[in-house]
Structures are given as C-alpha cells and as structure tokens.
**Q** 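For reference, the structure I am asking about is given below.
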Amino acid sequence: MNKPTRILTFKCTSCSKPVQVFLQKVSACAHIAPYQGICSCGTVMKHATGNQEAVESYMQSDSVTWSHHH
C-alpha cells in the first residue's frame with residue numbers, strides 16, 4: 001500500500017492564494033488520510049481521502065481533535 005503524500009497544495013476558497021495542507025496524525029487506520037492547513041488570510045482548509053463516510057465526517061467536523069473510530 002502506498003503512503004499518502006504528507007503535504008498537498010490547494011487554492012484558498014476565500015482569497016485564491018496557495019495553501020499547504022498537511023497530513024494529520026490519526027490512528028493506524030487506513031480508512032482515511034485527513035489534511036489540514038491555514039491560509040495566510042486565516043481560512044482553515046481541510047481535505048481528506050479514503051472511506052467516504054470517514055471523509056464526510058472529517059469534512060463536516062469543526063474540531064481540530066477529530067479522530068476516526070471503528
């Protein structure tokens with residue numbers, strides 16, 4: 001299995017500047033690879049790949065302490 005990339009770059013939805021999002025620490029679960037970063041304008045950017053339900057839960061969460069549970 002390939003390891004997920006540790007850093008991804010996206011365009012900010014507020015100011016269109018490039019934002020780097022970093023792979024977040026999670027359990028040893030392969031169901032999700034969550035990413036998060038903060039733009040220089042202050043907008044929090046989130047991205048995730050993996051299991052659809054886990055990704056939806058992460059993207060809807062406003063908590064920085066989100067974790068995937070089985």
Side-chain angles (χ1 to χ4, degrees):
M1 182 169 129
N2 292 336
K3 290 185 178 181
T5 304
R6 292 180 181 237
I7 301 171
L8 300 173
T9 303
F10 292 97
K11 190 180 284 189
C12 179
T13 55
S14 294
C15 70
S16 298
K17 292 181 183 175
V19 181
Q20 287 189 326
V21 293
F22 299 88
L23 183 63
Q24 301 298 294
K25 215 176 199 185
V26 293
S27 67
C29 175
H31 289 114
I32 185 168
Y35 295 82
Q36 185 169 308
I38 301 174
C39 181
S40 59
C41 75
T43 301
V44 175
M45 299 290 296
K46 292 166 71 174
H47 177 74
T49 59
N51 175 277
Q52 183 178 358
E53 288 180 18
V55 168
E56 288 174 5
S57 171
Y58 176 70
M59 295 304 288
Q60 293 174 4
S61 168
D62 61 356
S63 173
V64 294
T65 59
W66 178 92
S67 62
H68 176 59
H69 300 286
H70 292 269

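All values reported here derive from a predicted model rather than from experimental measurement.
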**Q** To the nearest 0.5 Å, what is the distance between NE2 (H47) and CD (Q36)?
**A** 13.0 Å
**Q** Return the set of residues passing side-chain hydrogen bond (donor to acceptor under 3.5 Å, both in side chains) with E56 (not counting sequence neighbours), or none when no residue passes.
**A** Q52
**Q** Give me the other members of the hydrophobic cluster that F22 sits in, counting Ile, Leu, Val, Met, Phe, Trp and Tyr linked by side-chain heavy atoms under 4.5 Å, directly or via other members.
**A** I7
**Q** Can you list, by chain and residue number, the hydrophobic cluster partners of V44 when the side-chain cut-off is 4.5 Å?
**A** I38
**Q** Which atoms form the tightest heavy-atom contact between T9 and Q20, and what is the distance?
**A** OG1-CG, 3.7 Å
**Q** Sequence neighbours excluded, which residues qualify as side-chain contact (heavy atoms from CB on, under 4.5 Å) partners of S40?
**A** K17
**Q** Does some side-chain heavy atom of V55 sit less than 4.5 Å from a side-chain heavy atom of I32?
**A** yes
**Q** Apply the hydrophobic cluster definition, ILVMFWY joined by side-chain contacts under 4.5 Å directly or through others, and give me every member besides F10.
**A** L8, V19, V21, L23, Y35, M45
**Q** Excluding sequence neighbours, so at least two apart, what forms side-chain hydrogen bond (donor to acceptor under 3.5 Å, both in side chains) with T43?
**A** S14
**Q** I need the minimum non-hydrogen distance between P34 and A48, along with the two atoms involved.
**A** CA-CB, 4.1 Å
